[in-house]
Amino acid sequence: MKICCIGAGYVGGPTMAMIAYKCPEVTVTVVDVLPEKIDAWNSDDLPVFEPGLDEVVKVARGRNLFFSTDRKKAIKEADIIFVSVGTPTKSYGAGAGRAADMVYVENSAREIAEAAESSKIVVEKSTIPVRTAESLKTVLHANTKPGIRFDVLSNPEFLAEGTAVEDLKDPDRVLVGGEETPEGKKAIETLVSVYANWIPRDSIITTNLWSSELSKLVANAFLAQRISSINSISALCEATGANVDQVAFAIGKDSRIGSKFLKSSVGFGGSCFQKDLLNLVYLCEHFGLPEVAQYWQGVIDINDWQKRRFSSNIATSLFNTVNGKRIAMLGFAFKKDTNDTRESAAIYVGRDLIEEQANLAIYDPKVNKGQIYRELIGEESDQNQQIEVCEDPYQAAQGAHALAILTEWDAFRDLDFQRIFDQMVKPAFVFDGRNILDHSKLREIGFTVQAIGR
Ligand code: NAD
Ligand code: UGA
């Protein structure tokens with residue numbers, strides 16, 4: 001069997017590496033339009049940082065895992081083609097700022113139709129609006145040679161960044177949606193047989209196409225909703241003297257609520273939660289359900305408010321002005337164990353502080369300088385007087401009025417805070433946006449500590 005994956009990004013690269021690793025008899029080729037990305041996948045410096053990924057790629061690459069820019073050849077030879085391209089929020093025209101931009105998915109379908117010389121199973125791996133398979137099938141069949149058949153399946157990806165390898169090795173479930181026709185069922189079985197090489201059959205769920213497509217958006221919406229729920233309560237905790245971590249622990253002990261995804265924070269980031277929620281809101285409006293749209297919009301609104309609340313609290317606490325003050329920002333990735341900064345809360349907090357004329361000293365163990373500049377000011381310029389990207393946390397803290405924790409990197413827990421305190425302007429403030437530090441110890445050293453929900 002031959003598999004091709006269009007899109008060598010955060011999802012395409014790791015998912016295909018795992019399929020190749022677990023199925024040595026399947027040849028897997030991942031293609032991308034960006035030659036530099038393919039070069040990186042073929043090098044020792046992979047474009048995606050994920051714990052354990054290097055080892056998986058090392059075993060399979062060159063054996064049955066290949067990264068290539070020759071899209072036509074890979075499509076032509078494949079039995080199964082995964083479409084794993086980006087579906088960002090549309091930035092223009094109708095639905096701008098909310099609907100998913102389907103241009104890359106449609107282009108992929110056109111490329112498949114043009115290059116295919118035999119029948120294929122086409123798998124939606126990207127997160128897409130419900131009923132996309134319909135458009136995909138229309139584009140595929142309208143542009144291909146006679147006698148060629150395309151079966152479209154939905155197989156959304158549920159991996160989380162930072163734990164991608166573990167999530168792929170041992171997923172809670174794999175979801176495959178397809179048509180309820182004999183051909184559709186055969187296509188579903190073919191894809192299921194690939195995953196069954198390492199995933200127990202009862203963890204592989206099969207549904208109709210629309211349920212599968214919609215389940216992906218709903219799963220992300222429910223996860224994001226939990227974070228906004230606990231973050232909304234964090235404000236109430238601050239006003240009343242309750243401690244949000246204690247509240248989360250107490251309610252999480254109820255097995256109906258469960259303990260996961262109740263960590264209050266400076267706000268959720270990442271490339272998907274906001275994008276998928278916006279898409280869900282847009283779909284609800286499209287289908288004439290304004291009340292449902294409004295309900296899910298609330299999850300986004302609370303998240304935006306939480307990020308703003310954090311930056312304005314820094315300014316208020318520093319005697320109502322951060323003008324000319326150095327603020328050390330520790331962490332820039334949207335969560336620990338990833339180099340991904342897309343929609344990171346750090347970007348919004350950083351921009352707010354820049355607006356207030358603060359000077360930022362930023363340190364993140366995995367995010368490079370250029371990326372930080374690009375996210376904050378849209379270009380790679382170290383001429384910017386307000387931003388300094390530092391080599392280590394101590395350099396960032398040197399002469400700072402405040403230290404703000406934006407990402408929950410484990411290494412931040414074990415810093416030498418006495419050394420940091422000694423280097424800072426007094427009173428020295430800590431704003432713990434992730435509630436990961438030992439606050440009583442910091443207070444003993446002399447810091448003024450502010451945390452989320454306490
Ligand atoms: P990404 O931007 O990292 O990767 C997409 C890749 O597709 C890019 O490298 C781009 O160059 C390539 N591409 C675009 N058009 C192409 C074409 N015609 N031919 C070949 N390559 C093309 O995006 P991602 O994070 O991997 O996300 C992909 C999809 O998976 C999105 O729909 C996203 O919502 C979904 N998803 C992402 C995650 C995640 O953790 N990042 C998890 C689950 C689902
Ligand atoms: C999320 C989902 O968890 C995945 O199942 C899904 O496949 C993926 O989106 C996607 O579709 O892209 P991801 O965004 O990689 O994965 O990471 P999460 O662990 O979900 O974290 C998202 C954000 O929420 C991070 O900023 C994180 O710090 C924050 N978060 C998470 C909290 O603030 N509190 C929590 O309790 C959990």
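Scope of the values below: all heavy atoms of this structure, side chains included, with no hydrogens, waters or symmetry mates. Whatever order the structure lists them in is the order used to number ligands and atoms, beginning at 1.
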Quick check on ligand 2: any N or O pairs to the protein under 3.5 Å? One line per pair.
residue: ligand 2; atom: 5 (O); partner: Phe158; partner atom: O; Å: 2.7
residue: ligand 2; atom: 7 (O); partner: Glu157; partner atom: O; Å: 3.3
residue: ligand 2; atom: 7 (O); partner: Phe158; partner atom: O; Å: 3.2
residue: ligand 2; atom: 7 (O); partner: Leu159; partner atom: O; Å: 2.7
residue: ligand 2; atom: 7 (O); partner: Lys216; partner atom: NZ; Å: 2.9
residue: ligand 2; atom: 11 (O); partner: Lys216; partner atom: NZ; Å: 2.7
residue: ligand 2; atom: 11 (O); partner: Asn220; partner atom: ND2; Å: 2.8
residue: ligand 2; atom: 15 (O); partner: Glu161; partner atom: N; Å: 2.7
residue: ligand 2; atom: 17 (O); partner: Lys335; partner atom: NZ; Å: 3.2
residue: ligand 2; atom: 19 (O); partner: Lys335; partner atom: NZ; Å: 2.7
residue: ligand 2; atom: 26 (O); partner: Gly269; partner atom: N; Å: 3.0
residue: ligand 2; atom: 26 (O); partner: Phe334; partner atom: O; Å: 2.7
residue: ligand 2; atom: 28 (O); partner: Arg434; partner atom: NH1; Å: 2.7
residue: ligand 2; atom: 33 (O); partner: Ser265; partner atom: OG; Å: 2.6
residue: ligand 2; atom: 34 (N); partner: Lys263; partner atom: O; Å: 2.8
residue: ligand 2; atom: 36 (O); partner: Leu262; partner atom: N; Å: 3.4
residue: ligand 2; atom: 36 (O); partner: Lys263; partner atom: N; Å: 2.9

For ligand 1, list every N/O pair with the protein closer than 3.5 Å, one pair per line with the distance.
residue: ligand 1; atom: 3 (O); partner: Tyr10; partner atom: N; Å: 3.1
residue: ligand 1; atom: 9 (O); partner: Asp32; partner atom: OD1; Å: 3.4
residue: ligand 1; atom: 9 (O); partner: Asp32; partner atom: OD2; Å: 2.6
residue: ligand 1; atom: 9 (O); partner: Lys37; partner atom: NZ; Å: 2.8
residue: ligand 1; atom: 11 (O); partner: Asp32; partner atom: OD1; Å: 2.7
residue: ligand 1; atom: 18 (N); partner: Glu111; partner atom: OE2; Å: 3.3
residue: ligand 1; atom: 21 (N); partner: Val33; partner atom: N; Å: 3.4
residue: ligand 1; atom: 25 (O); partner: Arg342; partner atom: NH2; Å: 3.0
residue: ligand 1; atom: 26 (O); partner: Tyr10; partner atom: N; Å: 3.1
residue: ligand 1; atom: 26 (O); partner: Val11; partner atom: N; Å: 2.9
residue: ligand 1; atom: 32 (O); partner: Thr87; partner atom: OG1; Å: 2.6
residue: ligand 1; atom: 32 (O); partner: Thr127; partner atom: N; Å: 2.9
residue: ligand 1; atom: 34 (O); partner: Thr127; partner atom: OG1; Å: 3.4
residue: ligand 1; atom: 34 (O); partner: Lys275; partner atom: NZ; Å: 2.6
residue: ligand 1; atom: 40 (O); partner: Glu161; partner atom: OE2; Å: 3.1
residue: ligand 1; atom: 41 (N); partner: Glu161; partner atom: OE2; Å: 2.8

- Message: For Lys120 and Ser118, which I'm curious about, is there any donor-acceptor pair between the side chains at under 3.5 Å?
- Response: yes
- Side-chain H-bond candidate by donor/acceptor type, Arg374 with Thr341, under 3.5 Å: no
- Message: Taking the cut-offs as 6.0 angstrom to the six-membered ring centre and 45 degrees off its axis, would you call Lys307 and Tyr348 a cation-pi pair?
- Response: yes
- Item | Geometric class of the Trp41/Phe67 ring pair [parallel <30°, tilted 30-60°, perpendicular >60°] | parallel
- Donor on one side chain, acceptor on other, Gln450 and Asn313, under 3.5 Å: yes
- How about Phe412 and Asp432: do any of their side-chain heavy atoms sit closer than 4.5 Å? no
- Any side-chain donor paired with an acceptor under 3.5 Å for Asn231 and Trp305? no
- Query: Are Glu238 and Arg309 within salt-bridge range, i.e. N to O under 4.0 Å?
  - Reply: yes
- Under 3.5 Å side-chain donor-acceptor pair for Tyr10 and Glu157: no
